[in-house]
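A quick write-up on the structure given underneath.
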Amino acid sequence: MAYWLMKSEPDCFSIDDLASRPAQTEAWDGVRNYQVRNMMRDQMRPGDLAFFYHSSCPQPGIYGEMEIVSNAYPDPTQFDPDHEHHDPKARREEPRWLLVEVRFRRRFDPPVLLEVLRAQAARLQGLRILERGSRLSVTPVTERHWNLIQKLGAGEG
DNA sequence: GCCAACGTTGGC
DNA sequence: GCCAACGTTGGC
């Protein structure tokens, strides 16, 4: 089993949105980066766990935890001309973009903010979100980092 | 296949 | 809104 960190802008889709969905499950669509697509396709599997990270907001950070509940499959929004993530170069017989389905597990209350992660930088060395210029919307998390962040979420930092 | 121009991300 | 960092595009 692997661990991940997945970013979303909460104005667009937040952990509260996920928690209020039927079955608390959602298709994580809109990924338009090849590195992320390949990670989802080749490495992400049902049963993996992921942090839900809120980006581009007043208090960026990890707001909770979810489970990957499907393998990667074609993202239908790439074929929809009216969708903001439409890709005119994508063809149904040769999809360019994939998604996975995720299910809510729990919130961190309070969230583990980016500033808290930065304060633990020495112990979180290698965590991709803390690296300079890190922009990928999905990144792997080591088990060691996962467990440490769990403790931060429980106020045991 | 190089690389400049351009677009996007995301913290601040 | 700024801007650094990085990915993508497209002319050559």
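The structure presented is a predicted model; accordingly, all values stated were derived computationally and were not measured. Residue numbering restarts at 1 for every chain, and letters A, B, ... go by the order of the sequence lines.
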Just to confirm, is there a sub-4.0 Å distance from OP1 or OP2 of dC12(B) to any side-chain nitrogen or oxygen of Arg118(A)? yes

Between atom CE in Met39(A) and atom P in dG7(C), what is the gap in whole Å? 11 Å

Using the side-chain contact (heavy atoms from CB on, under 4.5 Å) definition, which of the options Leu5(A), Val116(A), Ile62(A) pairs with Ile149(A)? Ile62(A)

Side chain of Arg135(A) only, please: which of dC12(B), dT8(C), dT8(B) is the nearest? dT8(B)

What is the distance from CG of Leu117(A) to P of dG11(B), rounded to the nearest Å? 11 Å

Parallel, tilted or perpendicular: which one describes the rings of Phe51(A) and Phe108(A), with boundaries at 30° and 60°? tilted

When you measure from the side chain of Asn33(A), which nucleotide among dC12(B), dG7(C), dG10(B) comes out closest? dG7(C)

Measure the distance from CD on Glu131(A) to P on dG10(B) and round it to the nearest whole Å. 15 Å

Figure out the CD1/P separation between Ile129(A) and dC12(B), and round it to whole Å. 11 Å

By nearest atom, which of the nucleotides dG10(B), dG7(C), dC12(B) is closest to the Leu114(A) side chain? dC12(B)

Without decimals, in angstroms, what is the distance between Leu136(A) CG and dG10(B) C1'? 13 Å

Phe79(A) six-ring face occupied by Arg92(A) cation (under 6.0 Å, within 45°): yes

Could you give the CD-to-C1' distance, from Glu115(A) to dG10(B), as a whole number of Å? 16 Å

Spacing between His54(A) atom NE2 and dC12(B) atom P, to the nearest angstrom: 17 Å

Any side-chain N or O of Lys7(A) less than 4.0 Å from the OP1 or OP2 oxygen of dG10(B)? yes

Of dC6(C), dG10(B), dT9(C), the nucleotide closest to the side chain of Lys89(A) is dT9(C)

Between the CG atom in Asp11(A) and the CD atom in Glu9(A), the distance rounded to the nearest 0.5 Å is 7.0 Å

If you compare every side-chain N and O of Tyr53(A) against the phosphate oxygens of dG11(B) (OP1, OP2), does one of them come in below 4.0 Å? yes

Tyr34(A) ring center within less than 6.0 Å of Trp97(A) ring center: yes

Which part of the nucleic acid does Arg32(A) contact within heavy-atom distance under 4.0 Å: base, sugar-phosphate only, or nothing? nothing

With a non-hydrogen cut-off below 4.0 angstrom, is Gln35(A) in contact with a base, only sugar-phosphate, or nothing? sugar-phosphate

Give the rounded distance in Å between these two atoms: CG of Leu5(A) and P of dT9(B). 16 Å

